[in-house]
Amino acid sequence: MTKEGKINWIAQNYTTNSEETVAILKQYWHDNPELQNLHDEFIENTVTNFYLPLGIAPNFLINNKLYAIPMAIEESSVVAAASKAAKFWQTRGGFKTTVLGTEKVGQVHFIYQGDADKLSHFFKLVKPKLIAGVAPIVKNMEKRGGGIKNIELRDKTSQLDDYFQLHCTFETMDAMGANFINSCLEGFAQSLKEEAQGYAAFTDKEKDIEIVMSILSNYIPNCVVKAEVSCPVSELKAHQSITAEEFAKKMVRAVNIAKVEPYRAVTHNKGIMNGIDAVVLATGNDFRAIEAGAHAYAAKDGKYTSLTHASIENGVFKFWLEIPLALGTVGGLTTLHPLVKLALEILQNPNAKELMQIVAVAGLAQNFGAIRSLVTTGIQQGHMKMHLFNILNQLGATESEKLSLVDYFKKHTASHSAVVVAFEELRNKK
Ligand code: MEV
């Protein structure tokens with residue numbers, strides 16, 4: 001079907017007012033046909049564009065350099081919370097970051113029915129051939145300083161009969177590296193199978209290695225960045241309702257609760273991911289990969305726990321995040337999507353390592369903002385303030401009505417019903 005045909009098909013078969021459906025879908029088309037075509041071709045069966053707000057969180061001082069961070073997100077309070085946390089830490093030394101590792105992982109999963117020692121011997125012999133087989137794929141990556149780090153044979157038969165794997169590690173520099181890694185893995189798999197068939201010491205059964213799949217892993221515990229803030233406890237006055245000392249203690253307690261209680265840890269980490277995903281999305285990276293890897297890392301010691309840590313030592317409050325982030329600043333959407341290109345420009349065209357640091361900071365700032373609200377005013381005050389516009393838009397408030405109600409709710413607690421009542425009163429007054 002043509003694009004028009006697909007639109008009519010979905011409208012006629014799945015919605016009640018097909019004319020309106022078509023109009024809504026077309027309303028979000030871009031006026032510039034070339035730009036629209038670019039978006040159409042990102043995926044299959046595109047019918048329109050799906051907008052998300054792109055906001056900017058300014059005042060992020062990271063390793064003494066000032067950043068304004070673009071964030072693509074629908075949740076009303078996220079950009080506000082990030083900006084507030086950035087401003088708070090800007091006058092307290094800012095954020096400090098360190099990349100702890102950049103190693104990516106991929107695996108060839110295969111079935112081998114035979115003697116494990118023989119397989120191990122065979123693997124030692126063919127390992128250079130596996131690497132040589134993918135030389136054309138690796139050439140460019142090596143020019144940029146990356147490539148294959150290692151291939152290891154792992155015996156997994158204690159967990160699953162006849163299951164072995166090639167556990168492979170890579171350095172992909174400024175690329176997220178998914179295509180590079182998967183191409184290498186498929187190359188390794190093919191050579192492994194072929195070489196086994198010609199290996200004289202194997203029995204017929206042993207020669208018949210079955211490749212199950214070759215795919216990168218989104219679990220990358222050695223591709224990790226650390227972001228931290230610290231200041232003397234006495235400088236931690238964060239809200240009028242609480243002293244700096246009490247606040248510091250409550251922050252540490254809140255983090256410690258997330259460390260021991262998985263129900264809390266999941267929400268705690270979700271708040272971190274509010275900041276992380278928004279920057280990951282704005283910079284054209286794969287937020288599903290980041291999410292999967294982050295939550296797996298949070299459970300790496302066998303129990304799901306907090307990704308952030310907090311301490312008070314010798315009168316100094318320290319708050320930090322360690323998170324695995326496989327990000328790219330070349331390839332993928334980075335040169336294709338005009339807004340992604342712009343977001344990277346706003347970030348001063350970072351390389352992948354710099355982007356890891358910026359993204360981690362956004363996550364730490366978000367977590368600081370969330371916990372600060374939770375242990376002082378409660379989350380709803382700030383959340384409802386930001387959500388106010390959504391409620392007013394749902395009610396069909398005019399611009400002047402919005403202005404006067406925003407003013408009103410500076411002094412009153414906003415809840416959904418309170419907004420409805422205030423809105424109706426304002427209308428009835430007229
Ligand atoms: C909401 O999107 C995120 C929070 O629930 C995070 C948290 O509880 O720490 C506020």
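Order of listing sets the numbers, starting from 1, for every ligand and every atom in it. Quick note: residue numbers are just sequence positions, from 1.
- Side-chain contact check for Asn45 and Lys6: at least one donor-acceptor pair (N or O, by modelled atom type) lies under 3.5 Å.
- Remark: the Thr377 side chain and the His239 side chain contain no N/O donor-acceptor pair separated by less than 3.5 Å.
- With Asn59 contributing its side chain and Ala85 its backbone, the two residues share no donor-acceptor pair below 3.5 Å.
- Listed by chain and residue number, the protein contacts of ligand 1 are Glu75, Arg264, Thr267, His268, Lys270, Gly271, Asn274, Ala370, Leu374, Ile379 (heavy atom within 4.0 angstrom).
- For the residue pair Asn63/Thr97, the side-chain donor-acceptor check at 3.5 Å is satisfied.
- Scanning for side-chain contact (heavy atoms from CB on, under 4.5 Å) contacts around Asn390 gives Ser76, His387, with sequence neighbours left out.
- In the model, Gln36 has a side-chain atom that pairs as donor or acceptor with a side-chain atom of Asn49 under 3.5 Å.
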